[in-house]
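To find a chain, count down the sequence lines: A is the first, B the second, and so on, and within it residues start at 1.
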Amino acid sequence: MSQSPFKPVPPKVTLPKMEERHLEFWKKHDIFHKTEETRRGGPEFVFYEGPPTANGRPGVHHVLSRSFKDIFLRYRVMRGYHIIRRGGWDTHGLPVEIEVEKKLGFTSKRQIEEFGVAEFNKLCRQSVFEYIQDWEKLTERIAFWVDLENAYVTYHNEYIESEWWILKQFWEQGLIYRGHKVVPYCPRCGTPLADHEVALGYKETEDPSVYVRLPLMDDPDTALLVWTTTPWTLPANVAVAAHPKVTYVKVKRQLPNGEHEYLIVAKPLVEKVFGDEKVEIVAEFPGKALKGKRYQPLYTFVVPDKPAYFVVLADFVTTEDGTGLVHMAPAFGEDDMEMARKYDLPIISTVKPDGTLVSAVRPWAGMFFKDADPYIIEDLQKRGLLFRSGKYTHTYPFCWRCGTPLLYYARPTWYIRTTAKKDRLVALNEKINWVPPHIKHGRFGNWLENNIDWALGRERYWGTPLPVWQCDECGYQHAVGSVAELSEMAGRDLSGLDLHRPYVDEVELTCPKCGGKMHRVPELIDVWFDSGAMQVAQWHYPFENQEIFKKQHPADYICEAVDQTRGWFYSLHAISTLLFDDIAFKNVVCLGLILDENGQKMSKSRGNVVDPWDVINVHGTDALRWYLYTASPPGDNRRFSVNLVGEVVRNFLLTLWNVYSFFTTYAALDGWQPNSETKPEYNELDRWLRSELHSLVKRVTEAYENYDALGATRPIEEFVERLSNWYLRRSRRRFWKSGSDADKHAAYSTLYEALTTLSKLLAPSTPFIAEEIYQNLVRATDPSAAESVHLADWPEYDEAAIDEKLNRDMELVIKLASLGHAARNKAGIKVRQPLQEIAFAVGRAFEQDVVTRYADLLADELNVKRVRLLGGRGEAVSYSLKPLPKQLGQKYKSLFPKIRQAILALDPQEAGERLLAGEPVTVTVDGEEYAIQPDEVEVIVSAHPGLTVASEGAYLAALNTEITPELKQEGIARDFVRWVQNARKEAGLELSDRIHLYYQAPDEIAKAVEAYRNYIMGETLAVEMTAAAPPDDAFVSTAVKNVVIGIKKSTPDEQ
RNA sequence: GGGCCUGUAGCUCAGUCGGUUAGAGCACUGUGCUGAUAACGCAGGGGUCACUGGUUCGAGUCCAGUCAGGCCCA
């Protein structure tokens, strides 16, 4: 017996332990870096890492995106691509500031200013890496290979400098301007709130509901009727919006004093507004007819600097509430501001940042904005402009920190004029491959179609400063595009300057126009600009790395969750479009969200977040990753639970592991090793498995090429199931038999090929078990093989090995075997009891040869002496016909029902026989004759009552259940073998140990044992079998009634 | 209010070009098998394919609408 190169692997395994071993191996041999080095010179595959913020612990959703990033990168490396996998960290922004504010107990910006911006930013800088070790540990443990040592960091000076360069390019194209943005704003805290903060503070509240008359300029008897729940905004009114397509009416209404008035409202709202009151509709017209109609201003505290007080048209006007005419105060509403931009309306701000009314609003100056509501209502009442007032209950946002009602408030800020490039944004999107595809023209495409200018400015502290300096004297503005330029304009070397606030604010420049002093504008830029700039800034382009940059743009592949559509995906796309008129990424996988077991979004506040470590420590990374890839399509939301990951372990990983364990155990026993010189003589089963294997490689490869993780994994699961529960089950004996022959070699070769190929197919998805199998099966026998499976080449499939018919045939054989087992079960006869015969019926002529060709295999599987087709030679069977709708329906369309009737009217016996013989039958419908082909009808066979049958559709297994004395004896012999095998196991013997076998049993059993003496000794590896009481030193089992079995391990020289 | 996605067994999901008995795994019950298996085989219970209408010889599948959930935007 030659020495086996394989390490025998026990069937029991602790997967997390196994994984940790390979983590060590990768680290020790620097495999990750070798994936880059060894592929240098190969085609470039460009990946961008969307930077996370490390100021919180990573969760399962991070494992999700990192797993999906990793799987395609590992695949590409195996395909020979060179990939720079550079990590990155997003480090700026409000969430970081809020964390620090919380720690310091701050509730307002004023406190930060008092504390000192320099010190505050220092704390921010520290806080962003507070959990970096958790991130690094988890990243390593989930086998996401990314270079964190050289990660780009958005707060680095070089990174900021690149961003300045980008902004300067935009500036010079005239794409950056200062405008107004309406933001949710807390007047008490003195700060705008981010969306997620607003979402925290919605409460049900009661507001005034007032209807106000706005008399028309050229027809003072007629008034527009508007509705509002914020009377305090009325002094800032500059326009009224109507929907262009809604129908409006002019109604005549009786006044208490006997006179009448005319009011204009949307037709669908007449009833809601006037209730039971009788009004007369005197005119009807579409909303667009109102465009430009001028009305008398409500208040003139502030004189507008532009034309105002006329009707504008807007799609956002609804006919759900109010009057269909909406009062516009651009300073206090997003929609209103949009209209102001569109119609160039003036922006009147009547509220100060602290929430009190400005002095110009004389009667109520200094009053808190909400407190003015009743006074304004009273004033309107006095002036006869109030139509009605009441109360209205709705949800309104309050500050989550202090409970103050929020103010939607126009603040001056900076914009990028993305709308100027909208057509390019849309056109370039066509070049991007989205997974799933609907995002392209759905969520992302719609977002681009409705593009609005990018609000860039942020009035905060910790972020990339906007590099615009403004002259104190003449107001001239200049964008600085580099540190060198800054130094030059400042007249001193600033190369060591921290480009953050407050230091950068202290740099004074000299105005090139008037020689005055220039100071930086106070704003920072949106953090989405930071992350979107990574395509340029991670390389400090254009100041450095120009060659690398050229090769690394655009990206071939990026992947994040769907919440990045308007976030990172957009910022990458927008920056690339404006800067290069090119796409930033070619392929993007857009992941769904992770929900908890009840379908709820995982969030800290709900307390339903699953810690990835809880899963990894129990089941391991491979199980978690496999679950994430196979559970559902990547774009769908997915429910997550630890139990489902456990299922993966049992169903897939352990099944694979056991095949692997089986192989190594027997290969080690036999001293088998792969041998390229002896060509294996494959049997039918081997050919089938190889056919399945090679079509698997083909399918999986295609899926990877299409960024289809589900398609790259689920088929492997099916293959492993078949490998374990059909190929191996049917092949076991070929490995057991002693000695070595061609058939055994073929079996080993086939199984070896399957396992080594699987290790490569699994390397991208389950990198640990893939490495385990590869190291033991490939590296151990082939010193020239790549050091790690992750450095190996992707397997090629052999088209010639794929035999679709063979695959289909075997599928049928498996089904027939299943029916055979069902029949045995029905008869209550265990598989160990041999039976004389089983007969099968199949519904279609072309399937009949499968039964004969695989008769031996079926006989063995079902433990019967003979397998045959049912229905031959006048056997008492009856047929019935089942017309197949798919074939016949497609052929005969609406004639199908009649054809079907005609077929059912045929004599089933005669027609069935002909069809099963492969001949057509003729039916007549409406005087026309039609030839029905054998593959258009299924023939259902029923067996005569004497047989035990199991059937499914047209397939049927009929069992002859008669047990002759000979069969009985053989059954007993097989039982006996099993008893001995159990005893061997109990005695703790090795698989290959030879034994002395002793037994005592009643007559009937003893007779059977003696009749099958050679068979029993061969099966149980007995060198001697004695019908006598076992000696004292033997292991004795009395597990079976009336039977004593004794075994004693034999000494080596007896073998 | 708008856009996008999802809705199939108790749970997680398949379901091809529309084809007449809607499947798998898990869980449950019974039973069998086992010297690779923490497994596996066989059988059983469990379905208004969210709902309504339409197209069609035929709809889980296509179309329209409704409802519910999710995400994003307002």
Nearest-nucleotide pick for [X], side chain only, options being [options]:
{"X": "Arg984(A)", "options": "C5(B), G35(B), C33(B)", "value": "G35(B)"}
{"X": "Lys830(A)", "options": "C13(B), U37(B), G32(B)", "value": "G32(B)"}
{"X": "Asp335(A)", "options": "A36(B), C40(B), A74(B)", "value": "A74(B)"}
{"X": "Pro885(A)", "options": "U20(B), G25(B), U6(B)", "value": "U20(B)"}

Interatomic distance, [X] [atom1] vs [N] [atom2] [rounded to whole Å]:
{"X": "Arg566(A)", "N": "C5(B)", "atom1": "CZ", "atom2": "P", "result": "13 Å"}
{"X": "Phe896(A)", "N": "A59(B)", "atom1": "CZ", "atom2": "P", "result": "12 Å"}
{"X": "Trp447(A)", "N": "G3(B)", "atom1": "CH2", "atom2": "C1'", "result": "12 Å"}
{"X": "Leu654(A)", "N": "C40(B)", "atom1": "CG", "atom2": "C1'", "result": "14 Å"}
{"X": "His438(A)", "N": "C72(B)", "atom1": "NE2", "atom2": "C1'", "result": "13 Å"}
{"X": "Lys12(A)", "N": "U37(B)", "atom1": "NZ", "atom2": "P", "result": "7 Å"}
{"X": "Arg729(A)", "N": "G41(B)", "atom1": "CZ", "atom2": "C1'", "result": "6 Å"}
{"X": "Arg732(A)", "N": "C40(B)", "atom1": "CZ", "atom2": "P", "result": "13 Å"}

Need one value for [X]: base, sugar-phosphate or nothing, where a base atom within 4.0 Å counts as base even if backbone is also close, heavy atoms only.
{"X": "Glu721(A)", "result": "sugar-phosphate"}
{"X": "Asn450(A)", "result": "nothing"}
{"X": "Gln981(A)", "result": "base"}
{"X": "Pro883(A)", "result": "nothing"}
{"X": "Lys898(A)", "result": "nothing"}
{"X": "Lys893(A)", "result": "base"}
{"X": "Leu989(A)", "result": "base"}
{"X": "Phe663(A)", "result": "nothing"}

> 5'-most contact on RNA chain B: Arg714(A) or Gln890(A), nearest heavy atom basis?
Replying inline: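 Per heavy-atom nearest nucleotide, the more 5' residue is Arg714(A).
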> On RNA chain B, nearest-nucleotide positions of Phe662(A) versus Lys882(A): which is more 5'?
Replying inline: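 Taking each residue's closest nucleotide, the earlier one in sequence belongs to Lys882(A).
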> Does Tyr660(A) have a side-chain nitrogen or oxygen under 4.0 Å from the phosphate oxygens OP1 or OP2 of A36(B)?
Replying inline: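 No, no such contact exists.
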> Under 4.0 Å between a side-chain N/O of Thr655(A) and OP1 or OP2 of U37(B), yes or no?
Replying inline: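 Negative; the distance criterion is not met.
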>> Taking atom types as they are modelled, would you say the side chain of Ser724(A) forms a donor-acceptor pair with the base of A36(B) within the 3.5 Å cutoff?
In response: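 Yes.
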> Checking only heavy atoms, does the side chain of Arg443(A) share a donor-acceptor pair with the base of C71(B) at less than 3.5 Å?
Replying inline: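 Result: at least one qualifying N/O pair found.
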> Which value, in whole Å, describes the distance between the C1' atoms of nucleotides U56(B) and C73(B)?
Replying inline: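 The answer is 39 Å between these two C1' atoms.
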Paired with [N]: which nucleotide, if any, by Watson-Crick or G-U wobble criteria at under 3.5 Å for both distances?
{"N": "C28(B)", "result": "G44(B)"}
{"N": "C57(B)", "result": "G19(B)"}
{"N": "A36(B)", "result": "none"}
{"N": "C71(B)", "result": "G3(B)"}
{"N": "U66(B)", "result": "A50(B)"}

>> Using only atom types and a distance under 3.5 Å, with no angle test, would you say the side chain of Asn429(A) pairs donor to acceptor with the backbone of Phe444(A)?
In response: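 No, Asn429(A) side chain to Phe444(A) backbone: no donor-acceptor pair under 3.5 Å.
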>> Does Tyr660(A) form a side-chain hydrogen bond (donor to acceptor under 3.5 Å, both in side chains) with Asn776(A)? I'd like the steps, not just the answer.
In response: CA-CA 10 Å; Tyr660(A) 167 57; Asn776(A) 194 11; 3.0 Å; yes
> Taking the six-membered ring for Trp, are Tyr748(A) and Trp672(A) parallel (under 30°), tilted (30 to 60°) or perpendicular (over 60°)?
Replying inline: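 Geometry flag for Trp672(A) against Tyr748(A): parallel rings.
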> Is it true that Glu1019(A) and Arg974(A) have a side-chain N and a carboxylate O under 4.0 angstrom from each other?
Replying inline: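 No, no charged N to carboxylate O under 4.0 Å.
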> Quick one: do Glu936(A) and Lys882(A) make a salt bridge, cutoff under 4.0 Å?
Replying inline: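 Looking at Lys882(A) together with Glu936(A), the answer is no, because their closest N to O distance does not fall below 4.0 Å.
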>> I want to know whether Tyr629(A) and Trp626(A) have ring centres closer than 6.0 Å.
In response: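 So the answer is no for these two rings.
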> What about Phe6(A) and Phe663(A), are their ring centers closer than 6.0 Å?
Replying inline: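 Ring centres of Phe663(A) and Phe6(A) closer than 6.0 Å.
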